[in-house]
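In the text below, chain A, chain B and the rest are named by the order of the sequence lines, each starting its count at 1.
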There are 4 protein chains.
Amino acid sequence: MAVKREIQASVKDQKLVEMRRGQMIRGAVSLFKQKGFHRTTTREIAKAAGFSIGTLYEYIRTKEDVLFLVCDSIYERVQNRLSSIDLETGSLQDLKLGIAHYFRIVDEMQDEVLVMYQEVKSLSNEARSYVLKKELEMVGMFDQLIRRCAENGELSLTRDHQKMLAHTIFVQGQMWGFRRWALQKTYTIDEYIRLQTDLLFPESSSKGLAEIGG
Amino acid sequence: MAVKREIQASVKDQKLVEMRRGQMIRGAVSLFKQKGFHRTTTREIAKAAGFSIGTLYEYIRTKEDVLFLVCDSIYERVQNRLSSIDLETGSLQDLKLGIAHYFRIVDEMQDEVLVMYQEVKSLSNEARSYVLKKELEMVGMFDQLIRRCAENGELSLTRDHQKMLAHTIFVQGQMWGFRRWALQKTYTIDEYIRLQTDLLFPESSSKGLAEIGG
Amino acid sequence: MAVKREIQASVKDQKLVEMRRGQMIRGAVSLFKQKGFHRTTTREIAKAAGFSIGTLYEYIRTKEDVLFLVCDSIYERVQNRLSSIDLETGSLQDLKLGIAHYFRIVDEMQDEVLVMYQEVKSLSNEARSYVLKKELEMVGMFDQLIRRCAENGELSLTRDHQKMLAHTIFVQGQMWGFRRWALQKTYTIDEYIRLQTDLLFPESSSKGLAEIGG
Amino acid sequence: MAVKREIQASVKDQKLVEMRRGQMIRGAVSLFKQKGFHRTTTREIAKAAGFSIGTLYEYIRTKEDVLFLVCDSIYERVQNRLSSIDLETGSLQDLKLGIAHYFRIVDEMQDEVLVMYQEVKSLSNEARSYVLKKELEMVGMFDQLIRRCAENGELSLTRDHQKMLAHTIFVQGQMWGFRRWALQKTYTIDEYIRLQTDLLFPESSSKGLAEIGG
DNA sequence: AATGAATGAGTGTTCATTCAT
DNA sequence: CATGAATGAACACTCATTCAT
């Protein structure tokens, strides 16, 4: 588990810091969504957060801090929602449910996921690695689910294949968000889930990939 | 086929325009790679291209033009290299070769692909759709290859599954670039190709996904 | 009466805005005087006003705003000083006093009047009409004075002649400023007033124009 | 008579220089009319003149040279047209005809006069004095006409009054151009001539100013 | 004599950040 | 703790002028 990366605040009252940063993040996400990190000014963030530019700087040190806070909070929320998945039982059925659950979270938090997806690269190296570490934790969740399936014989994959599959699943979730311009014109989230699941596990519908829908 | 989108130049000599823009693109790609589009200044671009800021603006009208030129040129080059694939014969073997070929192109043009991947969103709507249209053409290539396999019975997929697969393959290529921080530590491009191909077409090695490497 | 045309400021404290704009206008007039609007840079204006370029832009939005503020303030001041004229009594004597008063104001505010005179054309259409409306109000003052003289029989002029005379008087005032290179070498303001008054109202010295000084 | 002020040209062929400068002036006047001297670029001038920027600079040395050429040519043309006035006969009737003639020239060359009027200030001191000297020559013409009237008893004015009147007439001509926004909405040039003449010489219609139109 | 590509100083404007109140 | 006025480095872009061809 990654160590908490602290953003310095001048204000001491931790409850207040938490609250102000909440406002800040909500405002910033909505702005980044519209215009991206670089085109959003700190003044706009302060205004959207409901306080002055001076106050903003009482709770962060640089503009980049806002971006970090935003990315961090988004991962936190995704991870939170993902945590309802039971990693222990681990049948193929559970894996599929996990995937469906994850895809639906991405669908619901589309804007946030997109923002994070497009802006992490603007973080400093340190902040970026911190955030990406969280991403790997999520990939790890899928890896574990897949592993269980391998262990109970429902999937027969090498460790390398398992890990790659976990990565692929994770990216396919994000893909629903970052390729929405192409995908969401054609499919609903439910169709997307069904199609991708079919492609990932053709045999599980007792058909090979060669026979899906055949 | 998309209509050519022309960027206006003050200089009339077309050969010269071509050449200068070549220099400009090479310089810009290398800068965008390091610092992204927004953090790169027009002066830096001019310098990297080997001429003055005044000259830069003889060949473009706005900074965004540079980004468009860069994205356009990258797609052009990827597409060019992809064009060696024979879309007509269409056995499963050809599809796999096509995928491997595409993944290798992405590997070689990694920096460019990453740049384009991260910066398209900064283009104006018009320029972005133009570029994305090119992307869909590439997806279309895979779709056609897959369709052939379906037609000759090597793959049995509905049209929806076929299209989704085409998208997935395309994204998995890019994924090698944009998730290099995670993937390239662990795998070589050849391993990546093998693993992803295995996962995409498990039955083709006469094994279901459930048995790969088993 | 023209509606107030507001120039937007980022700074909220109205008293401060007033003060800073005062500094700005004083600095700008002196610069425009020397080098004209186009050859004066915003940085020079800021410096002359006594603050930084950043601060300048807290009180205006574009360079043109400065020009408008300058023109507006000059008219305001001229009009203010003119307002001491009593428009109601209206003997020929009052008209002449009014003219003399106006000519003296132009003399004292020579630089300002010249600046405004030469630079209004650089204003946007909207701003220009706003400023010119004020000019017409001043012309209107002379028109009213003349009208009174016509009503009490001291001048016998058609309405058209009255209006033209008002315009002419107004221009003759400005003329003292914009033709200073020719006039002020030869005449003092008092001589100018006397000569022009004689030419405008020859009969009033109980001589026709044909006999002035004869 | 002022000494000719020469603008240096690299090209030797005087006939060619004359011709090219003619093209240049025609193009420039039309541009200055629309956007003023400062907002017009040398490239635009070259284009409007029908040749390249390189060629433009074969016939002038700086952008200001173009402005000088333009102002000079306009004065030249006005003076040329004015030269048809007979300065010798000199009755009051001739003076009035001269005024009418001058006002009509201004009316016809309105755009040119306005351009010159608004842009002389952008000339260097040297060039400006040269041009203004020409203006004084024109004022001198009116002065001479007026003097004749004084000599033959039709006007009885001191020398000072005479000179002032000459200036005033000259400015009233320009006024028709530079105050067109106010005057030309209300009057035709013929009305303007009549009204101003009436105001200038009230007695000549055997009425004092006090009785015009009465 | 004519061209037009190249130059770079200079322009208006923005915006992250600070700090006195 | 909160405010918002002040700052100035930095930016995209322009344009008069030069000079090799």
Whole-Å distance separating the [atom1] atom of [X] from the [atom2] atom of [N]:
X: B:L56; N: F:dC11; atom1: CG; atom2: C1'; result: 14 Å
X: C:H38; N: F:dT14; atom1: NE2; atom2: P; result: 16 Å
X: B:Q23; N: E:dA5; atom1: CD; atom2: P; result: 15 Å
X: A:K47; N: F:dT3; atom1: NZ; atom2: P; result: 14 Å
X: B:K12; N: E:dA6; atom1: NZ; atom2: P; result: 14 Å
X: B:L31; N: F:dA12; atom1: CG; atom2: P; result: 12 Å
X: A:D65; N: E:dT17; atom1: CG; atom2: C1'; result: 13 Å
X: D:R39; N: F:dT14; atom1: CZ; atom2: P; result: 15 Å

Next item on the list: Determine, for A:F37 and A:K63, whether the Lys NZ or Arg CZ falls below 6.0 Å from the six-membered ring centre while staying within 45 degrees of the axis.
Entry: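 Relative to the ring axis of A:F37, which defines the angle, A:K63 lies inside both limits.
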Check: Can you name the nearest heavy-atom pair linking D:I7 to D:Y59, along with the distance?
Finding: CG2-O, 4.3 Å
Margin query: Categorize A:S10 for me: base, sugar-phosphate, or nothing, with a 4.0 angstrom heavy-atom threshold over every strand shown.
Written below: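 No contact.
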Notebook entry, point to check: For D:R20, which contact category applies under a 4.0 Å heavy-atom criterion: base, sugar-phosphate, or nothing?
Noted result: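 Sugar-phosphate, no base atom in range.
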Note to self: Is it the case that F:dT14 (base atoms only) and B:R61 (side chain only) share a donor and an acceptor within less than 3.5 Å, ignoring hydrogens and angles?
What the structure shows: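 Result: no qualifying N/O pair found.
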Next item on the list: Establish whether the base of E:dG10 is bridged to the side chain of B:R43 by a donor-acceptor pair shorter than 3.5 Å.
Entry: yes
Margin query: Check D:R21 with D:E58, please: is the shortest side-chain N to carboxylate O separation under 4.0 Å?
Written below: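 Answer for the salt bridge query: no.
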Check: Which base sits across from F:dA20 as a Watson-Crick or G-U pair, both distances under 3.5 Å?
Finding: E:dT3
Checklist line | Counterpart base for F:dA12, defined by Watson-Crick or G-U wobble contacts under 3.5 Å | finding: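 Pair assignment: F:dA12 / E:dT11.
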Note to self: By nearest heavy atom, map C:F37 and B:D13 onto DNA chain E; which one lands nearer the 5' end?
What the structure shows: B:D13
Next item on the list: Map C:E58 and B:L16 onto DNA chain E by nearest heavy atom, then report which one ends up closer to the 5' terminus.
Entry: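 The residue whose closest nucleotide sits nearer the 5' end is B:L16.
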Check: Using the ring of each side chain (for Trp, its six-membered ring), is C:H38 parallel, tilted or perpendicular to D:H38, with breaks at 30° and 60°?
Finding: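 Judged by the thresholds at 30° and 60°, the geometry between C:H38 and D:H38 is parallel.
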Between [X] and [N], is there a contact of a side-chain N or O with OP1 or OP2 at under 4.0 Å?
X: C:S52; N: F:dT7; result: yes
X: C:T55; N: F:dA5; result: no
X: B:Y59; N: E:dA6; result: yes
X: C:Y57; N: E:dT13; result: yes
X: B:T42; N: F:dC13; result: no

Note to self: Ring centres under 6.0 Å, that's the criterion: do A:Y117 and B:F178 meet it?
What the structure shows: yes
Checklist line | D:R26 side chain to D:Q23 side chain, donor-acceptor N/O pair below 3.5 angstrom | finding: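 D:R26 vs D:Q23: no donor-acceptor pair found between side chains.
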Note to self: Given F:dA2, F:dC13, F:dT17, identify the nucleotide with an atom nearest to the side chain of B:I53.
What the structure shows: F:dC13
Item checked: 5'-most by nearest nucleotide on DNA chain F - C:F51 or B:T41 -> C:F51
